[in-house]
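Worksheet: one structure, shown below.
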Amino acid sequence: MSHPTRSGNAKDDNVIDDSFAAKEKAVVDTIRCLSMDAVQKANSGHPGTPMAMAPVAYTIWSKFLKFDPEAPIWPNRDRFVLSMGHASMLIYSTLHMAGVREVSNDYCTGDRESVTIDDLKTFRQLHSRCAGHPEYHWTSGIETTTGPLGNGLATSVGMAIASKWLGATYNKPGFELFNFNAYALAGDGCFQEGVSAEAASLAGHLQLDNLCWIWDNNHISIEGNTDWSFTEDVATRFVAYGWNITRVTDANDLPKLQSAFSVARKENNRPTLVVVDSHIAWGAPTKQDTHGAHGAPLGDKEIAGTKEFYGLPPDKTFYVPDGAYDHFRSQMAANGGVARKSWEAMFAEYKTAYPDLAEQIDLMNSRQMPSDWESKLPTYPADPKGMASRISNGKIMQAVAEACPYFLGGSADLAPSTKTRLEDAKFGDFMPPSTGWGDWSGRNFHFGIREHAMGAIMNGMCLSKLRSFGSGFFVFSDYMKPVIRLSAIMEIPVTWIFTHDSIGVGEDGPTHQPIEHLAMMRSIPGLVTFRPSDANENVECWKWIMNSKHTPSVLVLSRQNLPTIDRTEYGAVSGVQKGAYVLKCAAPDGNPDVILMASGSEVSLICGAYDLLVAKGVKPRIVSMPSFNLFEQQSDEYKESVLPSKVRARVGVEFAGDFGWHKYIGLDGKYIGMQTFGESAPLARLLEKFNFSPDRIAEAAEASIAGLK
């Protein structure tokens, strides 16, 4: 899209006669100046985009956003996402001007403002409420953490989906509890990232008419003019996706912005893209429309000249004109405030009419599970043949879905392989009713082959308090690392399910055989990765996962059968809750000669090695380690009870690389795993090729013991 050509004197656009318009301009220019001042004080940040997009933020928040600053997490609020997170001062200044209240970790709204003037003055400083990029769970009013470009757009799709699902599931005649909209403001970079294309394609397919994306079309990125790298016709691409397109040729034209967003709100079967032509650093004497205003402070002289252009005192910093707060906040109260109070009154009546459904909503919004839900989970008898953990997982998920009405998700076109479809017909498929394939209440989602977007959408659904899951082949977690990492940063309990966990994939070969992926997942702070060794360990994983309120989880599951361990002979499976536990120990005094450790399918191998060693008079201990992350959260006393430090002869076994294992096997231990990529062959041949066997493990154990003598 070509950039509009400015004609005449820029100051002509800055003349306001109408008194109401003058108040609107005062709020808009205050948002701009607060943003400039904060970036300048921090000597770091991105001032240009907040200066350009302040009219857009003001228009959405004051005229369209169903959001109450006095109760910023009420369930049916509209969601606003700043996808171009580098422009974070735009949202911080807006939150401050709106007077949004702070919410505690236990979901209680307090008297403190989420973003005060003093918070703005500490932009980008340690422990500031105004971090470099917007952070969910840190600053109230931030609906999702953004920074990696495009992810905010894709996450907003999950929010729009959540609104549709909640409405179809809980709305009743006379009780329209859920119908919120999702707005996402993005820049050129967001539209260049592939995840936004994946998400836009799916949003158009799903006819999400409650979704509105706004494109800040300013033609500037860090390197310079976007024409150097980005000349496609974005609007036509979105028409092909099935979106409604509208355009505002001047970001400062508030009436035209209102008209565009009114069109979006009236749309009834398509998401809307509003293209807004803007000037980065609008009003800056020398830096408007330059990449120099993108990611660096403007400088005191430039800021003074800009404030003079806006008609605000050039020598005052963090200045808010008289009446600006009242003008903005009174509109928020008349829109979102009234809507919130009406909703609360309606929900009080709903509780009387539909007490069971109301209880579900309350549990969901506090991230709790229904009482006694664990009693619905299966228990599996010992079985030498067993079943693949992807199979047992699929069975367990049916029980979880029965117990938790707001548990839902899907796969990246792999449900027949990952076994994650919720099978009962009542669970249905999430689809626009017009398709005939399902409806908005379906709990099975079809994300298509869009792993990155699937992950971001799962985050958006979970941010809307649904218990979302998504599945795929473990090797394709490569596509999803950014959004898995974001779920951990945000501390939201998304469940990431990955099957085909190792060389056990067999014939598909090295492109589909994960080697380094376990280490990658285990390395993400705040993420708990599980690799269960049998069906009952899998059940225990789900107990931990669904009872977690603020921690995302990864389940890594096998394609091949795993024996179901006889718990009369081996340790209690409840040990999974601690991440690692003793399965069996041949030393009655608790002082084994060697410790064998494994996760997943390799646990059966160390069980076999145990018997070989005992027959030779060696006293081994075998330890199942389904979750390194969870084990590290345990007390030093517990960890010492499982892995006594005085026992230095150790062997770790996993069909994966050794990264992360040396902490447990130590300098004197041995590791049996993968040092290369895999190969294409049946699993039995691969086990021979890479020499995974109880005999080799027993030999390594004896070598580790001998090396210490």
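What you see is a predicted model; the values in this text were computed from it and never measured. Just the heavy atoms: all of them, side chains too, but no hydrogens, waters or symmetry mates, feed the values below.
- Environment of CZ in Arg485: sparse, with no more than 12 heavy atoms of neighbouring residues, nucleotides or ligands closer than 6.0 Å.
- Side-chain atoms of Arg650 come within 3.5 Å of backbone atoms of Tyr664 as a donor-acceptor pair (strictly under, hydrogens ignored).
- Side chains of Trp165 and Met461 form no contact here, defined as non-hydrogen atoms less than 4.5 Å apart.
- For the 3.5 Å distance criterion, the side chains of Glu537 and Tyr581 qualify, holding a donor opposite an acceptor.
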Q: Could you please spell out the steps behind the side-chain contact (heavy atoms from CB on, under 4.5 Å) verdict for Thr155 and Leu463?
A: CA-CA 9 Å; Thr155 302; Leu463 287 162; 3.8 Å; yes
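- Residues Arg531 and Leu557 form no side-chain contact, since every pair of their non-hydrogen atoms from C-beta on lies 4.5 Å or further apart.
- With 3.5 Å as the limit, one finds a donor-acceptor pair spanning the side chains of Glu491 and His137.
- In this model, no donor atom of one side chain and acceptor atom of the other lie less than 3.5 Å apart for Ser693 and Asp695.
- Between Lys549 and Pro493, every side-chain heavy-atom pair lies at or beyond the 4.5 Å cut-off.
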**Q.** Candidate pair Arg443 and Asp429, rule salt bridge (Lys or Arg N to Asp or Glu O under 4.0 Å), full reasoning
**A.** CA-CA 6 Å; Arg443 291 167 65 182; Asp429 296 275; over 6 Å; no
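- Ring pair Tyr671/Trp661 is tilted by interplanar angle, where 30° to 60° counts as tilted.
- Donor-acceptor pairing under 3.5 Å is lacking for the side chains of Glu423 and Gln398.
- Judged by distance alone, with hydrogens and angles left aside, the side-chain atoms of Ser680 form a donor-acceptor pair with the main-chain N or O of Glu507 at under 3.5 Å.
- Remark: the Asn538 side chain and the Ser392 side chain contain an N/O donor-acceptor pair separated by less than 3.5 Å.
- Note on Arg450 versus Asp413: no salt bridge recorded, every NZ/NE/NH1/NH2 to OD/OE distance being 4.0 Å or above.
- The salt bridge (Lys or Arg N to Asp or Glu O under 4.0 Å) with Glu402 is formed by just one residue from the set Lys395, Lys376, Lys426; it is Lys426.
- Side chains of Asn179 and Glu176: a donor on one and an acceptor on the other come within 3.5 Å.
- In this structure, a donor-acceptor pair under 3.5 Å is present between the side chains of Glu374 and Asn547.
- Between Val483 and Asn151 the shortest side-chain heavy-atom distance falls below 4.5 Å.
- A donor-acceptor contact shorter than 3.5 Å links the side chain of Asp534 to the backbone of Ile565.
- Here the side chain of Ser163 pairs no donor or acceptor atom with the backbone of Ala160 at under 3.5 angstrom.
- Looking at Asp478 and Met480, their side chains never come closer than 4.5 Å, going by heavy atoms from C-beta outward.
- Using a 4.5 Å heavy-atom threshold, the side chains of Phe498 and His517 count as separate.
- A cation-pi arrangement is found for Arg79 relative to Phe180, the charged atom lying closer than 6.0 Å to the ring centre and inside a 45° cone about the ring normal.
- A salt bridge does not link Glu679 with Arg685: every distance from a Lys NZ or Arg NE/NH1/NH2 to an Asp or Glu carboxylate oxygen is 4.0 Å or more.
- Tyr170 pairs by the side chain to side chain donor-acceptor pair (under 3.5 Å) definition with Gln360, not counting sequence neighbours.
- Classified by interplanar angle (parallel below 30°, tilted 30° to 60°, perpendicular above 60°), the ring pair Phe447/Phe445 is parallel.
- With Arg696 contributing its side chain and Asn691 its backbone, the two residues share a donor-acceptor pair below 3.5 Å.
- Using modelled atom types, one finds a donor on one side chain and an acceptor on the other under 3.5 Å when comparing Glu654 with Ser599.
- Side-chain atoms of Thr418 and Ser411 form no donor-acceptor pair, as typed in the model, at a separation below 3.5 Å.
- For Trp496 and Phe530, the ring centers are positioned 6.0 Å apart or more.
- Aromatic ring orientation, His550 versus Tyr107: tilted (interplanar angle from 30° to 60°).
- Considering only heavy atoms from C-beta on, Ser417 comes within 4.5 Å of Arg390 through its side chain.
- Nearest heavy-atom pair across Phe655 and Ser601 is CE1-OG, 3.6 Å.
- Thr499 is not listed as a side-chain neighbour of Lys419, based on a closest heavy-atom distance of 4.5 Å or more.
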